[in-house]
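Because the structure is predicted, anything quoted here is derived from the model rather than measured. Lettering of chains follows the sequences in order, A, B, ..., and the numbering in each one begins at 1.
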Amino acid sequence: MKIATWNVNSIRARLTRVIPWLTEHAPDVVCLQETKVEDGLFPMDELTALGYQATIHGQKTYNGVAILSRSPLTDVTRGFGDGAPDEQARFIVGKVDGVRVASAYIPNGQSVGSDKFAYKLDWLRRCRAWLDGHADPAEPLALCGDFNVAPDDRDVYDPVAWKDQVLCHPDERQGLRALQDWGLEDLFRRHHALAGFYSWWDYRQLGFPKNRGLRIDHILCTGALAARSQDVVIDRNARKGKDASDHAPVIATFG
DNA sequence: ATGGTTGCTTAGCAA
């Protein structure tokens with residue numbers, strides 16, 4: 001079983017890359033972020049034609065998450081359902097082939113100390129609260145998405161320049177760690193210990209050609225699922241060439 | 001050098 005996560009930076013703008021990618025890699029489940037489209041305009045037919053059903057939680061212009069799956073997705077919920085005012089479509093979860101899968105688009109945070117940064121930290125707290133109230137560390141669960149947090153300095157091309165900056169600040173790293181403390185493992189690090197693996201490169205200033213990247217897209221798994229993990233790869237090829245997202249997909253393979 | 005690139009929407013925001 002293959003589970004992938006990919007911030008596509010607009011599903012409609014990315015279809016010419018997403019469709020051949022799905023054909024090439026044939027993942028069973030794909031968590032998408034930044035679909036940037038309201039539900040009525042989601043390109044459903046193009047994906048169902050490839051054998052995927054799309055379960056979507058979108059909005060106009062910004063954010064938007066989805067889960068593509070070959071098997072039906074059941075027990076679907078959208079948002080945290082915690083009563084907090086939140087019109088931003090950033091979280092969807094369902095169950096497929098016996099695994100609970102969530103697609104999450106953690107707020108970027110813009111800059112340390114900004115209102116958006118405070119919202120990001122609060123969002124991470126709400127995500128932990130969702131785990132506490134709605135999930136079980138003993139069940140097979142994968143929390144996948146663009147976390148907009150590089151877990152440690154191995155995940156940053158220039159840790160000195162990025163020290164205490166947004167995506168690397170200790171407060172957001174602690175927010176991510178609180179999710180792991182609940183009972184989730186950064187699955188990539190189960191298989192790869194070295195520095196220098198990135199999943200996002202800024203469009204600006206030749207970020208990708210110069211390999212100025214950060215690893216901010218993650219697949220976090222409970223132990224029951226992590227025990228079945230065979231490998232995790234970041235598909236840099238999907239970041240290459242014309243009309244690429246600024247994020248590469250992360251693909252986990254389970255036995 | 002407060003820049004630069006991309007997407008959505010169509011001037012300005014978000015990333």
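- Taking atom C1' on both B:dT9 and B:dA14, the two are 13 Å apart, rounded to the nearest angstrom.
- Nucleotides B:dT2 and B:dG7 place their P atoms 26 Å apart, quoted to the nearest Å.
- Taking the centre and axis of the six-membered ring of A:F197, the NZ or CZ atom of A:R215 falls outside the cone set by 45° and 6.0 Å.
- In this structure, NE2 in A:H25 is found 10.0 Å from OG1 in A:T23, a value given to the nearest 0.5 Å.
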- line: Letter by letter from the 5' end, nucleotides 6-15 of chain B scores (B base, S sugar-phosphate only, - none; protein heavy atoms under 4.0 Å) SSSS---BSB
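- Rounded to whole Å, the P atom of B:dT10 lies 23 Å from the corresponding atom of B:dT5.
- The 12-atom threshold is exceeded at NZ of A:K2, counting heavy atoms of other residues, nucleotides or ligands nearer than 6.0 Å.
- To the nearest whole angstrom, the two P atoms, one in B:dA1 and one in B:dG12, are 27 Å apart.
- The structure places CZ of A:R126 at 5.5 Å from OH of A:Y119, a figure rounded to the nearest 0.5 Å.
- The same atom, P, is picked in B:dG3 and in B:dC8; the two are 24 Å apart, to the nearest Å.
- Checking A:D152, A:D155, A:D153 one by one against A:R173, the salt bridge (charged side-chain N to carboxylate O under 4.0 Å, His left out) holds for a single residue, A:D153.
- Atom OG1 of A:T77 and atom NE2 of A:H57 lie 9.5 Å apart (nearest 0.5 Å).
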